[in-house]
Amino acid sequence: MAADQAFVTLATNDRYAKGAMVLGQSLRNYKTTKRLVVLIGPHVADQCRSVLDSIFDEVCVVDVRDSGDTAHLALMKRPDLGVTFTKLHCWTLTQYSKCVFMDADTLVLSNIDELFEREELSAAPDPGWPDCFNSGVFVFRPSNETYQKLLTFSSENGSFDGGDQGVLNSFFNTWATEDISKHLPFIYNLSSIAIYTYLPAFKQYGHEAKVVHFLGKVKPWDYSYDPQTGEVRGHSMPPERHSDFLVLWWKLYATSVLPSLRLAYGETPFHTGCTENTAHAGMTDASAPTTPPALQMSSEERKERWEAGQADYMGDDSFTHIERKLDSFLK
Ligand code: UDP
Ligand code: MN
């Protein structure tokens with residue numbers, strides 16, 4: 001057991017906490033020998049914390065607003081970078097010598113411990129601009145010095161995309177050109193977006209994926225699931241329109257995470273996401289949308305979102321849907 005190496009994820013609220021639970025469970029299922037750490041915001045519900053406690057080795061509450069003067073002052077200058085700053089916090093985990101950060105909206109499909117052979121900063125290309133790395137999965141070395149530098153850098157320069165990915169790409173700005181061993185293969189961060197941007201490649205290589213990343217506005221937990229039929233759907237979505245990865249996420253959630261959540265919540269109602277429960281389960285998570293935002297749009301709106309890089313790759317713009325459309329054109 002490599003006690004000084006860890007997978008690290010982040011959840012500032014209960015919605016992302018569900019993602020972290022599924023991610024942590026998927027790492028356990030593939031028998032990682034590394035430690036599992038989750039950084040959580042102070043507002044994550046106690047029930048969610050206790051489930052996270054059962055999956056992760058370490059649950060660290062982080063709040064950049066009272067985590068030392070530098071972070072606080074930097075945040076006062078750039079309040080727009082709030083969640084981004086929280087992610088940078090992973091560099092403070094100096095009890096570990098090397099870590100792999102993974103977004104809470106990622107899911108592991110095999111053992112990926114070999115990532116620890118890589119150096120800081122290793123990451124996979126972003127599908128939208130492959131000379132930038134995607135910050136959903138990256139190898140790093142915790143260091144207070146790097147953390148301070150990152151804070152200063154981001155408060156002075158901001159982020160060109162408003163998030164952590166912009167900051168990190170500007171800071172580790174030789175990633176694209178300097179050392180090819182820091183380019184992780186795309187299969188370590190397969191954004192579902194790539195399914196339709198290069199469909200033949202997905203058909204050829206998709207089965208080799210080791211990590212899938214549900215990048216974009218609509219997250220797996222925004223859908224609902226019927227455990228009886230194994231169907232995932234948005235409220236206005238026909239049952240056949242979903243991706244296999246999304247079903248995988250829900251299966252893992254329903255079988256391995258939901259039972260623990262039920263125990264933790266007891267009589268207190270909470271948003272399970274499963275259709276059998278919607279009649280009597282209360283909505284305690286105020287941030288959970290009742291209708292996923294991307295599911296009811298005109299084709300004009302959809303085109304605009306697609307062009308803005310916000311395609312609904314699990315719904316209207318999903319693999320099966322696009323395939324059907326192509327088929328109808330070809331006929
Ligand atoms: N995150 C969080 N709370 C938020 C937004 C983001 O905890 O309100 C964390 C979470 O780990 C998430 C990561 O920051 O996976 C990056 O955000 P997201 O995955 O939504 O961005 P995307 O990958 O879609 O660009
Ligand atoms: Mn993500």
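In each ligand, atom 1 is the first atom listed, and ligand 1 is the first ligand listed.
In this structure, the protein non-hydrogen atom closest to atom 15 (O) of ligand 1 is Ala104 N, 3.0 Å. Shortest contact from atom 16 (C) of ligand 1 to any protein heavy atom: Asp103 OD2, 3.4 Å. Among protein heavy atoms, atom 24 (O) of ligand 1 sits closest to Lys219 NZ, 2.7 Å. In terms of protein heavy-atom proximity, atom 23 (O) of ligand 1 is closest to His213 NE2, 3.0 Å. Atom 19 (O) of ligand 1 has as its closest protein heavy atom Asp105 OD2, 2.9 Å. Scanning the protein heavy atoms around atom 7 (O) of ligand 1, the nearest turns out to be Thr12 N, 2.8 Å.
Checking Tyr223 against Glu231 by side-chain atom types alone, no donor-acceptor pair falls below 3.5 Å. Donor-acceptor pairing under 3.5 Å is recorded for the side chains of Asp103 and His213. Ser256 and Gln25 share no side-chain donor-acceptor pair at under 3.5 Å. Neither side chain, Trp129 nor Gln165, offers a donor N or O lying under 3.5 Å from an acceptor on the other. Residues Tyr198 and Gln204 bring no donor and acceptor atom of their side chains to less than 3.5 Å of each other.
Taking all heavy atoms of Leu10, Leu39, Val8, Val218 into account, the minimum distance to atom 14 (O) of ligand 1 is reached by Leu10. For atom 4 (C) of ligand 1, the nearest non-hydrogen atom from the set Phe101, Phe214, Tyr16 comes from Tyr16.
At a cut-off of 2.8 Å, measuring from the Mn ion (ligand 2), the protein N, O or S atoms that fall short of it are Asp103 OD2, Asp105 OD1, Asp105 OD2, His213 NE2, waters left aside.
The cationic group of Lys34 lies under 6.0 Å from the six-membered ring centre of Phe116 and within 45° of the ring axis, placing it in a cation-pi geometry.
Ligand 1 lies out of reach of Lys217, whose nearest heavy atom is not under 4.0 Å from it. Assignment of Gly136 to the shell around ligand 1 is not supported, since no heavy atom sits closer than 4.0 Å. Not a single heavy atom of Arg15 sits less than 4.0 Å from an atom of ligand 1.
Between Asp164 and ligand 1, a contact under 3.5 Å exists for no N or O pair. Taking any N or O of Val83, backbone or side chain, none lies under 3.5 Å from an N or O belonging to ligand 1. Looking at ligand 1, you won't find any N or O of Thr9 less than 3.5 Å from one of its N or O atoms.
Under the 6.0 Å cut-off for aromatic ring centres, Phe138 and Trp91 qualify, their centroids lying closer than that. Side-chain rings of Phe133 and His183 stay apart, their centers remaining 6.0 Å or farther from each other. The six-membered or imidazole ring of Tyr253 lies near that of Trp250, with a centre-to-centre distance under 6.0 Å.
Contact between Asn144 and Thr92 at its shortest, heavy atoms only, is OD1-CA, 4.1 Å. Considering all non-hydrogen atoms of both residues, Tyr30 and Val108 come closest at CE1-O, 3.5 Å.
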Item to complete: Dump the intermediate steps for salt bridge (charged side-chain N to carboxylate O under 4.0 Å, His left out) on Lys149 and Glu145, then the final yes or no.
Response: CA-CA 6 Å; Lys149 282 186 185 160; Glu145 195 192 332; 3.2 Å; yes
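Under the 30°/60° scheme for interplanar angles, the aromatic rings of His89 and Tyr147 are found to be tilted.
Heavy atoms of Thr106 found under 4.0 angstrom from ligand 1: none, in either backbone or side chain.
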